[in-house]
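This report concerns only the one structure given below.
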Amino acid sequence: MKKILLCSLLLSSIALGAQLKDGKYTVRTDKSIWFWYPYTAMVVKNGEIVSAYHDRIKLDGRKASEDESYNKNMYRKVKVNPEMYSKLIPEDFFKNGKDLNKMDGISGATDSLNHFKSQMKFLIEKSETDGPGNYIMKKSEL
């Protein structure tokens, strides 16, 4: 219920013209999922989200989308991998007019899509209040 209310508030504030503060925003979780941290980034220019990115990362900066072994193994199991969904998820966000509720599921990457949505909601809120920065959110808030 809390997430639904938060989403409604965020979407209505965007619709009402709440000004997003320009800059680069990143967020990762405080705890890993299978040793990888869900990670999302966005850039706001002139009050509009102009780019978004989603992946899983290690604390040393390595990205799952660039890990050949991880990508091969995941693709073999579910026919999608971080190399693919790190592009598909943000593309879907923009294709759907930046409306998180209209985004389509990606078979095999449901968790990653849900993580992106939660983290984008978090970053949108930060862009309305705190401003650009590198943030950490609780894994339990995904």
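All values below were derived from every heavy atom in this structure, side-chain atoms included, with hydrogens, water molecules and symmetry-related copies excluded.
- One hydrophobic cluster holds both I33 and W36 under the rule that ILVMFWY side chains link at heavy-atom gaps under 4.5 Å.
- Ring planes of Y135 and Y25: parallel class, angle under 30° (limits at 30 and 60°).
- Contact of the M120 side chain with the K98 side chain is not registered, since no non-hydrogen atoms from C-beta on lie closer than 4.5 Å.
- Side-chain contact, D55 with S65: a donor N or O sits under 3.5 Å from an acceptor N or O.
- Of the possible polar contacts, one joining the N73 side chain to the S69 backbone as a donor-acceptor pair under 3.5 Å is found.
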> Step by step, would you call K24 with T26 a side chain to side chain contact (heavy atoms under 4.5 Å, CB included)?
Replying inline: CA-CA 7 Å; K24 182 175 181 180; T26 67; 3.9 Å; yes

>> Walk me through whether D60 and K58 qualify under salt bridge (Lys or Arg N to Asp or Glu O under 4.0 Å).
In response: CA-CA 5 Å; D60 64 7; K58 297 279 189 177; over 6 Å; no

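- Summarising the geometry of G23 relative to P132, their closest heavy-atom pair is CA-CG, 3.7 Å, with the distance given to 0.1 Å.
- A side-chain donor-acceptor contact under 3.5 Å links N96 to the backbone of D92.
- Side-chain contact check for M103 versus I89: some heavy-atom pair is nearer than 4.5 Å.
- Considering every non-hydrogen atom in both K63 and I57, the closest pair reads CG-CG2, 4.2 Å.
- Closest of all the heavy-atom pairs between K139 and D30 is N-OD1, 2.8 Å.
- Minimum interatomic distance between D99 and N101 (heavy atoms only, all atoms of both residues): OD1-N, 2.9 Å.
- Annotation: cation-pi pair K79/Y75 present, NZ/CZ under 6.0 Å from the ring centroid and within 45° of its normal.
- Nearest heavy-atom pair, A52 versus F93, reported as atom, atom and distance to 0.1 Å: CB-CD2, 4.4 Å.
- A single hydrophobic cluster is not seen to contain both F122 and I136; linkage of ILVMFWY side chains at heavy-atom distances under 4.5 Å, directly or through other members, places them apart.
- Residues K121 and E125 are not paired through a salt bridge, judged by the lack of any N-O separation under 4.0 Å between the basic side chain and the carboxylate.
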>> Test side chain to side chain contact (heavy atoms under 4.5 Å, CB included) on V27 and K126; report intermediate values, then the result.
In response: CA-CA 10 Å; V27 63; K126 292 297 184 188; over 6 Å; no

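- V44 pairs with exactly one of L123, V50, I49 by the side chain to side chain contact (heavy atoms under 4.5 Å, CB included) rule, that one being I49.
- Between L20 and S127, the closest heavy-atom pair is CD2-OG, 3.1 Å.
- Between the H54 side chain and the Y39 main chain, a donor and an acceptor come within less than 3.5 Å of each other.
- F116 and L142 fall within the same hydrophobic cluster, defined by Ile, Leu, Val, Met, Phe, Trp and Tyr side-chain heavy atoms under 4.5 Å apart, directly or through other members.
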>> Let's go through M137 and T40 carefully: what are the C-alpha distance in whole Å and the side-chain angles of both, what is the deciding distance for side chain to side chain contact (heavy atoms under 4.5 Å, CB included) to 0.1 Å, and is it a yes or a no?
In response: CA-CA 11 Å; M137 71 184 289; T40 300; over 6 Å; no

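- V78 and M84 fall within a single hydrophobic cluster, where Ile, Leu, Val, Met, Phe, Trp and Tyr are joined by side-chain heavy atoms under 4.5 Å apart, directly or via other members.
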